[in-house]
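Report on the following structure.
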Amino acid sequence: MSPYISALTVFLALLMAYHNWNINRNTIFLSGFIYVFSSYSLVHYIVIFKQSVFWTAVLYNNTAPMGFLLGPLFYFYVRGTLFDNRKFSKKDLIHLIPAFINLISITPYLLTPFSYKLALAERIFKDTMLAKTFTVGLYPNIVNIIARPTLLALYTIAVIVMLCQFWANMKTNDYIPKKQSRKILIWLFSFVFTVIITSVSFAVLSYLFLREHNPDMANFKTSLPMNIVGFCLLMVPVSLLIFPEILYGIPQATNNKKNDFVSLKTNKKREDKSILKNDFVNNSIIISEKEEKNEVQTAFQEKDIEPRFIELSQSILDYIKESEIYLNPNFWMEELSRSMNVPKHHLYYCFNTILNIKLTKIRAELRIEHAKKLLEQGLSDSLTLDAIGNKAGFSSRSSFQSVFKDEVGCTPGEYLKMKSEIVS
């Protein structure tokens, strides 16, 4: 396994955590799992294959508690994805006990002088068996070698049971969107399968390492289990980059009568409440009249879409239009999520599954409509076209010209000229 794969995966895990911390915190557990697994592999590569006395002294056993976090992080991520819950309760601290015990065990070793760790590293390179039998803390290191994969295996079993129970209950739970659930379940089962394959490969490597007195490290480096580990570590973050929608889990409504979704700044009550049709005509959003409400909601329900998400979709469109947030040059999904106080994965679900349109398309339509109004109001007499584009939310002249032509069929200048000819 190449150390570059582990280093790249560590970078991708940190990047994922950075971009999702304020939006969907459940992905922090996934990022943590990928980070720990990749770091664990990278540490072993440096210690076992690089055989650097300095880096072995720095890393050997100092990072041991991380290995006990793999199972809990794996479990937290799957649980949060299935049940749309990212809260970390006090009860969840019990899952951290093995890592905490290991940390207490190695604390005396952590406080030893660095010269002692250098000497120990040199002894390990001379006698590989020492890495198996040497007692760093309260128990020999071989306990960690066996306990870490065992604990991960137990958590994997718990995750599989949880997935199967969710699959069985999905048909009878009206508050679970079926279409998105199937997609996420396929991803989660694939993820579990990847974890199992990786864990088995690590277990095989550990067995081969423990079986021989002085194992041939060169054979370990090019072995099939090692290559499988590298491939699996890389595929998980890559698949998330290719299919980002799986990051946002299964949005679920509750049976609470209170609106669980929207906390709008402009919370207006409407006597004539419109509903959303799953269609866009002439590049504009069509909102039906009140008498069509039951018919359209029935159509959505036949597509396994929970009614409350239909209401949320309508609220999203109303908020974007009424607040004119689209005039902000930096307007994007993150800004919409913060402004509406709606989880980002709920927004993605509404746009991709219910509205069947991208936010960029809605943003472009509304900005161009705003720009056309400014042009028709005669602001072009006192402002340049670039200034009008800026007022409409475009950050550059080229983007304003390009989007305007895509939406209207001509450039802003040509549009203004045609309007002038019609008036005259």
Self-check item: Tyr326 ring center near Phe331 ring center (under 6.0 Å)
Solution: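 They do not qualify: ring centres at least 6.0 Å apart.
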Practice problem: Determine whether the aromatic ring centres of Phe29 and Phe33 lie less than 6.0 Å apart. | Solution: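 For Phe29 and Phe33, the ring centres are not under 6.0 Å apart.
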Exercise. Quickly, which of Leu312, Leu317, Val342, Leu359 forms a side-chain contact (heavy atoms from CB on, under 4.5 Å) with Cys350? Name it, please.
Key: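 Single pass found, and it is Leu312.
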Practice problem: Return the orientation label for the Phe394 and Phe400 ring planes: parallel under 30°, perpendicular over 60°, tilted otherwise. | Solution: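 Geometry flag for Phe400 against Phe394: tilted rings.
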Below 4.0 angstrom, N of the basic side chain to O of the carboxylate: do [X] and [Y] qualify?
X: Lys417; Y: Glu414; result: no
X: Lys391; Y: Asp386; result: no
X: Glu376; Y: Lys373; result: no

Self-check item: Backbone N/O of Tyr77 and side chain of Thr81: donor-acceptor pair under 3.5 Å
Solution: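 Checking the backbone N and O of Tyr77 against the side chain of Thr81, a donor-acceptor pair under 3.5 Å is found.
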Quiz prompt | Heavy-atom pair of closest approach, residues Ser38 and Val10 | solution =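 Where Ser38 meets Val10 most closely, the heavy atoms are CB-CG2, 3.5 Å.
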Quiz item: In terms of heavy-atom contacts, does CH2 of Trp332 have more than 12 from other residues, nucleotides or ligands at under 6.0 Å?
Solution: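 Count over threshold, so yes.
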Quiz item: So do Glu369 and Glu365 actually touch side chain to side chain, heavy atoms under 4.5 Å?
Solution: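 No - every pair of side-chain heavy atoms lies 4.5 Å or more apart.
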Please table the atom pairs, donor to acceptor, closer than 3.5 Å between any side-chain atom in residues 190-198 and protein atoms at least two apart or in another chain.
residue, atom, partner, partner atom, Å
Ser190, OG, Ile186, O, 2.7
Thr194, OG1, Ser190, O, 2.9
Thr198, OG1, Thr194, O, 2.7

Self-check item: Residues that His95 engages under ring-ring contact (aromatic ring centres under 6.0 Å, His included), provided they are two or more places apart
Solution: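 If we apply the ring-ring contact (aromatic ring centres under 6.0 Å, His included) test to His95, skipping adjacent residues, the hits are Tyr75, Phe76, Tyr155.
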